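Worksheet: the structure to be examined is printed underneath.
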Amino acid sequence: MLIAIDGPAAAGKGTLAGRLAASLGLAHLDTGLLYRATAARLMRGKSNATSEQAATAAAQSLSAGDLEGSQLRGERLAGLASLIATYDSVRSALIDFQRDFAASPPRGAKGAVLDGRDICSVILPDADIKIFVTANAEVRAERRYQELRGRGVHSIRSVILREMQERDERDRRREVAPMVLAGDAFLLDTTNMDADAAFEAAYEFVMLHHIENGRSE
Ligand code: CDP
């Protein structure tokens with residue numbers, strides 16, 4: 001079973017994807033980490049961090065080990081990640097990693113959940129289940145603020161909101177693989193839902209869809 005989840009920053013994609021994966025025995029890949037890890041490699045290197053060539057080389061040399069570690073979660077990296085995510089050659093370099101993960105999930109899992117921006121549209125257009133998770137921008141900014149606070153990172157709500165909106169705009173407007181609500185995706189607006197309610201709504205959708213597919217086979 002393949003589940004594709006897209007949506008803007010801090011909409012709760014990662015939490016939802018992780019919980020769906022755990023309850024269905026699937027592997028989970030947060031594809032944002034690929035862009036963040038590429039950005040982290042660039043920041044460590046001496047080259048011009050925003051050059052397409054350097055970013056592509058960094059994306060090509062990523063390995064699974066680069067995706068570990070909480071240092072990838074910072075807002076500064078998110079900014080650079082969102083910039084290099086507009087480069088066609090960076091995105092192309094990361095496609096195989098994502099599709100290989102879905103085709104052969106680690107630890108013998110019987111499928112995978114991938115979350116990101118272009119999973120329903122570009123990476124897994126034939127996924128069994130597609131979900132677009134969103135929430136109003138202020139609510140998402142508050143969630144990110146609380147998440148950072150929980151990790152002991154001091155931040156300013158208004159700055160988080162502004163930077164998040166800039167990234168969302170860039171993700172929506174870019175020419176290559178923009179963030180879109182795929183026509184066949186289930187739209188899950190979590191503005192008034194906590195993580196449990198979002199999980200229950202998505203789980204119910206997965207189960208219903210599964211039953212319907214079973215009937216039509
Ligand atoms: O949730 P947040 O935006 O803070 O971060 P993320 O999901 O870890 O993604 C970081 C950045 O990577 C996003 O702003 C996108 O520009 C980019 N990204 C992408 O273009 N395509 C994906 N499948 C995942 C992330």
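Counting starts at 1 for both ligands and their atoms, in listed order. Just so you know, these numbers come straight off a predicted model, no measurement behind them.
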(request) May I ask you to identify, for R91, whether its side chain, its backbone, both or neither come under 4.0 Å of ligand 1 on a heavy-atom basis? (result) side chain

(message) Students should be able to answer this: which protein heavy-atom is nearest to atom 14 (O) of ligand 1, and at what distance?
(response) D171 OD2, 3.3 Å

(request) For atom 23 (N) of ligand 1, grab the closest protein heavy atom and report residue, atom and distance to one decimal in Å. (result) T31 OG1, 2.9 Å

(message) Could you tell me, atom by atom, which parts of ligand 1 come under 4.0 Å of a heavy atom of S82?
(response) 14 (O), 16 (O)

(request) Return the residue, atom name and 0.1 Å-rounded distance of the protein heavy atom closest to atom 18 (N) of ligand 1. (result) Y35 CD1, 3.7 Å

(request) Counting heavy atoms only, name the option from E147, K13, R36, R144 that's nearest to atom 5 (O) of ligand 1. (result) R36

(message) Check contact between R73 and ligand 1, using heavy atoms of the residue and a distance below 4.0 angstrom.
(response) no

(message) For L16 versus F199, what's the shortest heavy-atom pair and its separation?
(response) CD1-CA, 3.6 Å

(request) Indicate yes or no for a side-chain donor-acceptor contact from R36 to the backbone of L77 under 3.5 Å, with no hydrogens or angles considered. (result) no

(request) State whether E200 and R19 are salt-bridged, where the test is any N-O pair (Lys NZ or Arg NE/NH1/NH2 against Asp/Glu carboxylate O) under 4.0 Å. (result) no

(request) Looking only at protein heavy atoms, identify the closest one to atom 17 (C) of ligand 1 and say how far it is in Å. (result) A85 CB, 3.8 Å

(request) Supply the members, apart from L161, of the Ile/Leu/Val/Met/Phe/Trp/Tyr cluster built from side-chain contacts under 4.5 Å; use none for a lone residue. (result) none

(message) Between S61 and R41, is there a side-chain donor-acceptor contact under 3.5 Å, judged purely by atom types and distance?
(response) yes

(request) Heavy atoms only: give me the nearest F132-A185 pair and the separation to one decimal. (result) N-CB, 4.2 Å

(message) I'd like the name of whichever of M164, E163, M179, R117 reaches closest to atom 3 (O) of ligand 1 through any heavy atom.
(response) R117

(message) Between ligand 1 and R174, is the shortest N or O to N or O distance under 3.5 Å?
(response) yes

(request) State the CE-SG distance between M179 and C120, to the nearest 0.5 angstrom. (result) 12.0 Å

(request) With heavy atoms under 4.0 Å as the rule, classify the contact between A10 and ligand 1 as side chain, backbone, both or neither. (result) backbone

(request) Looking only at distances, please establish whether an N/O atom of ligand 1 is found under 3.5 Å from an N/O atom of R167. (result) yes

(message) Among all protein heavy atoms in this structure, tell me which lies nearest to atom 11 (C) of ligand 1, with the distance rounded to 0.1 Å.
(response) A81 CB, 4.0 Å

Validation: residues 99-107 side-chain donor-acceptor distances under 3.5 Å, sequence neighbours left out:
unit_1: R99; atom_1: NE; unit_2: I123; atom_2: O; d: 3.0
unit_1: R99; atom_1: NH2; unit_2: V122; atom_2: O; d: 2.8

(message) Quick one: does any side-chain atom of R143 pair with a main-chain N or O of A11 as donor and acceptor, under 3.5 Å?
(response) yes

